[in-house]
Structure formats: C-alpha cells, structure tokens
Amino acid sequence: MDRHDKLFKIADRIDEISFAANKIAVVNAEDKSICIAKTGSGLKAFPHYCPHAGGDLSEGFIDKRENIICPIHGYRFSLNNGRDTNNEGYLLKIYKVIEAEDGIFVKLE
C-alpha cells in the first residue's frame with residue numbers, strides 16, 4: 001500500500017451495512033461520506049456526490065452495466081473505472097473495497 005493510501009474499516013460483515021432499496025448505502029470513512037453499492041461483481045465504493053453538479057449519488061440507481069446514474073441530470077458513471085459513459089469528460093473517483101475475514105475496508109487515496 002502506498003504511503004498516501006488509507007485503509008478504513010466500514011463494517012465487520014456485509015449484513016451490517018444498511019443498503020437502501022437501490023442497493024446503495026452511505027458510510028463514513030475518516031471525514032468522508034462515501035457510497036457503497038452492492039453489485040453483481042461485488043461491493044463498489046465512490047464519493048457521495050456527483051462530480052458534475054453535486055447530486056446525491058446515494059439517491060441514484062445502478063443499471064445492468066454497473067453504472068451509477070445520478071438522480072439530478074442522469075449522468076452515468078462506470079463503477080468499474082469511474083468514467084462518465086456520456087463521454088463529457090467527468091470522472092467519478094472509485095475507491096477499492098477489500099472484503100477480508102476481519103471486516104470490510106475501503107482504501108482511500
């Protein structure tokens with residue numbers, strides 16, 4: 001792990017995370033409020049707010065291609081690489097989620 005990376009425990013087990021009906025939860029890691037999404041390929045972590053206009057991404061939804069869709073303007077960001085699939089140049093930071101025997105961790109950079 002790079003000296004600038006920080007690992008934060010967000011839960012002991014996945015059932016401790018309170019996912020909403022849209023399969024997104026908001027957790028705190030240090031002084032950051034981040035979203036955790038439950039997807040077909042595992043847990044994904046990303047900022048709470050959209051980089052386009054500040055929309056609350058916890059109120060968005062995840063499509064079949066594992067994009068988070070912002071509830072304000074419908075911007076789509078890949079939860080695998082953070083790229084905006086509208087090709088307008090916005091980038092959503094994606095944080096690494098580590099599921100281990102001793103808990104679930106998010107790696108902030």
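We use all heavy atoms of the structure for the numbers below, so side chains are in, but hydrogens, waters and symmetry mates are not. Positions are given from 1 along the sequence.
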Closest non-hydrogen atom pair between [X] and [Y], with its separation:
| X | Y | value |
| --- | --- | --- |
| D56 | Y49 | CA-CD2, 3.9 Å |
| G55 | I72 | CA-CD1, 3.2 Å |
| K32 | Y95 | NZ-OH, 3.9 Å |
| E59 | P71 | O-CB, 3.8 Å |
| D102 | D12 | O-OD1, 4.2 Å |
| I68 | L79 | CG2-CD2, 3.7 Å |

| task | Evaluate whether atom NZ of K23 has more than 12 neighbouring non-hydrogen atoms of other residues, nucleotides or ligands under 6.0 angstrom away. | result | no
Would you give the length of the straight line joining atom [atom1] of [X] to atom [atom2] of [Y], rounded to the nearest 0.5 angstrom?
| X | Y | atom1 | atom2 | value |
| --- | --- | --- | --- | --- |
| F105 | I98 | CZ | CD1 | 8.0 Å |
| I17 | K38 | CD1 | NZ | 8.5 Å |
| N28 | E30 | CG | CD | 11.0 Å |
| N86 | I69 | CG | CD1 | 9.5 Å |

| Do the rings of H52 and Y75 sit parallel, tilted or perpendicular, given the 30° and 60° boundaries? | parallel
Does any non-hydrogen side-chain atom of [Y] lie less than 4.5 Å from one of [X]?
| X | Y | answer |
| --- | --- | --- |
| V97 | I104 | yes |
| L57 | C70 | yes |
| V106 | I36 | yes |

| Any donor and acceptor pair, going by atom type alone, linking the side chain of E66 with main-chain N or O of T39 inside 3.5 Å? | no
Can you get from [X] to [Y] by hopping between Ile, Leu, Val, Met, Phe, Trp and Tyr side chains that sit under 4.5 Å apart?
| X | Y | answer |
| --- | --- | --- |
| F19 | I34 | yes |
| F8 | V27 | yes |
| L92 | I24 | yes |
| L43 | L108 | yes |

| Are D15 and R13 within salt-bridge range, i.e. N to O under 4.0 Å? | yes
| query | When the aromatic ring centroids of F46 and F77 are compared, is their separation below 6.0 Å? | reply | no
